[in-house]
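Right, one structure below, let's go through it.
These values consider heavy atoms only, across backbone and side chains, with no hydrogens, waters or symmetry-generated copies. Throughout, a chain's letter reflects where its sequence line sits, starting with A, and its residues are numbered from 1.
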2 protein chains.
Amino acid sequence: MKQSQKLSRRERDKLRQRQEIFAAALELFAEKGYHNVSVNEIAERAEFAVGTLYKFFDNKESLYKSLMRERADRVHQALSKALEEGDDEIEKLRNYVRTKGSSFKEDAPVVRLYLAETRGVNFNFEDDLHNDIRKQYEKVQQKLAVVFKHGIQKKLFNKIAEPYLLAVTLNSIITGFLFLWLEQPEENMYPENPNTILDILFKGLLADSPNA
Amino acid sequence: MKQSQKLSRRERDKLRQRQEIFAAALELFAEKGYHNVSVNEIAERAEFAVGTLYKFFDNKESLYKSLMRERADRVHQALSKALEEGDDEIEKLRNYVRTKGSSFKEDAPVVRLYLAETRGVNFNFEDDLHNDIRKQYEKVQQKLAVVFKHGIQKKLFNKIAEPYLLAVTLNSIITGFLFLWLEQPEENMYPENPNTILDILFKGLLADSPNA
DNA sequence: ATAATATATGAACCCAGCTTCACCGTCAAT
DNA sequence: ATTGACGGTGAAGCTGGGTTCATATATTAT
């Protein structure tokens, strides 16, 4: 084999083509969702004939799966690494937050797909429904933000972040816990006592002995 | 009209049937996702003929939309109300957390659909891909939990919750912020500085003057 | 140059599944 | 009993789109 150095010209070409197909498919999937993208569309965007795609993948589903697996690998790898670097735990957490942010921002299309899988996405219906629900949801979130705002004004709460961001935070935590419960209702129940969740917000994680 | 008291027998029947169709559809959608449920299936589950469904709804999409709108309304209404009740802000937040939990637990199928819309869903492919990704994700989350555990052991962190729950929390917050960014990259950027996010965990929200 | 082989093409095929509609069965009114 | 109206039925039609494969083109070997 002429693999002495690496790959034959043919093989490299094939690999590059594969990547091109992935890129095209990713754009489309991220934009419109798996079911709203046709194989013909992907082929067109990738500048191949449909038949060619089937030289690379058994079928649409397998194309999608390969794509997702490859990308998810990368992200998870980066996250694991981030947690291994840094001297103390605080530094590790900083790394993690930064990495998760940047590795996602780097290519937004993957974000959408990634979140679609781990936390979901709008499989869009030209979206009037979706927008309506979002709007309702947003209204509730605004009200929640007001509660935080008042709490801060009354000096009941410390202003550790903008009220709206606190609202986003609380909703995120609740959603996270609900997911836990959804996946394994027995093991992780959604806490009966709201304080279990609220304490995470209320109490500071950082031991203040070093600070105070 | 004999609406003197309410609805005619006919009308009540129709309404009940409509609800039955909704119930059947909801089960299936929640279980398998919109695209993997056929109208025939819904009809079968609801014990009607397909044709009958089309007496109630223009088409599949409209059935889905009506269903979603109705349910989402309920949830949002309940949440808004929760925020209005309670004397102080702490009480309001408790109400909110409790309501979001219980109104969702009440019927798990809606949860899945609701989260599908606000935060996404697994449109499942008999799920080997999904499971793999979840497993990877879970591994990272475990590593993150270890960081919290060590931090607590070193007394760097207060044990405000179990390490694993802290990991879930941090991931949830990050995801929440990423969503914000995804929706409107200009207005809400994902914080450059990881401390913006971490401070929410690190610093206590509750002003401790009243306690200490 | 020519043959042999590998690769790309896209029109045609085929089917899942949404939708329609001609036909029942039921019940109330006559 | 007969009629009419109305709700329910499900086989058949139709279509979007995933998949195939006979053909065309490019590449390599002789």
Original post:
Per the end-axis method with five pairs at each terminus, what is the bend angle of the helix from dA1(C)-dT30(D) to dT30(C)-dA1(D), to 10°?
Top reply: 10°
Subject >> Euclidean distance, atom CD of residue Glu44(B) to atom P of dA11(D) [Å, nearest integer] >> reply: 12 Å
Subject >> Nucleotide dG8(D), atom C1' - distance to CZ of Phe56(B) in whole Å >> reply: 10 Å
**OP:** Would you mind reading off the distance between Lys14(A) atom NZ and dT7(C) atom C1', rounded to a whole angstrom?
**Re:** 8 Å
Original post:
Salt bridge check: are Lys81(B) and Glu84(B) linked by an N-O gap of less than 4.0 Å?
Top reply: no
**OP:** Spell out, as yes or no, whether a donor-acceptor pair under 3.5 Å connects the side chain of Lys60(A) to the backbone of Val37(A).
**Re:** yes
Quick one: which protein N/O atoms are closer than 3.5 Å to N/O atoms of nucleotides 23-28 of chain D? Pair and distance per line, please.
unit_1  : atom_1 : unit_2   : atom_2 : d
dT27(D) : O3'    : Arg10(A) : NH2    : 3.3

Original post:
Within this structure, what is the OH-to-P distance between Tyr64(A) and dG18(D), rounded to whole angstrom?
Top reply: 15 Å
Original post:
Taking CZ from Arg16(A) and P from dA8(C), how many angstroms apart are they, rounded to a whole number?
Top reply: 11 Å
Measure all distances between protein nitrogen or oxygen atoms and nitrogen or oxygen atoms of nucleotides 15-21 of chain C, and list the pairs falling under 3.5 Å.
unit_1  : atom_1 : unit_2   : atom_2 : d
dC18(C) : OP1    : Lys60(B) : NZ     : 3.2
dC18(C) : OP2    : Val39(B) : N      : 2.5
dT19(C) : OP2    : Tyr54(B) : OH     : 2.5
dT19(C) : OP2    : Lys60(B) : N      : 2.9
dT19(C) : O5'    : Tyr54(B) : OH     : 3.3

Original post:
Do Gln141(B) and Tyr164(B) have side-chain N/O donor and acceptor atoms under 3.5 Å apart?
Top reply: yes
**OP:** Under the side-chain contact (heavy atoms from CB on, under 4.5 Å) rule, collect the residues that match up with Ala78(A), sequence neighbours excluded.
**Re:** Thr99(A)
Original post:
With Phe22(A), which residues qualify under ring pair (Phe, Tyr, Trp, His ring centres under 6.0 Å), at least two apart?
Top reply: Phe57(A)
Subject >> Heavy-atom check, side chain of Leu93(B) versus side chain of Leu144(A), under 4.5 Å >> reply: yes
Original post:
To the nearest Å, how far apart are Asp13(A) CG and dA8(C) C1'?
Top reply: 13 Å
Original post:
How close do Lys100(A) and Ile174(B) get, heavy atom to heavy atom, and via which atoms?
Top reply: CD-CG2, 3.6 Å
**OP:** Report the distance from atom CZ of Phe48(B) to atom P of dT9(D), rounded to the nearest whole Å.
**Re:** 7 Å
Subject >> Lys/Arg-Asp/Glu bridge criterion (N-O < 4.0 Å) met for Arg16(A), Glu20(A) >> reply: yes
Original post:
Between Thr52(B) and Gln17(B), does a side-chain contact (heavy atoms from CB on, under 4.5 Å) hold up when you go through it step by step?
Top reply: CA-CA 10 Å; Thr52(B) 309; Gln17(B) 289 178 323; over 6 Å; no
**OP:** Would you mind checking if Arg94(A) and Glu91(A) are paired as a salt bridge, meaning a charged N to carboxylate O distance below 4.0 Å?
**Re:** yes
**OP:** Starting from C1' on dG7(D), measure out to CD on Gln17(B) and report it in whole angstrom.
**Re:** 8 Å
**OP:** Under the side-chain hydrogen bond (donor to acceptor under 3.5 Å, both in side chains) rule, collect the residues that match up with Glu44(B), sequence neighbours excluded.
**Re:** none
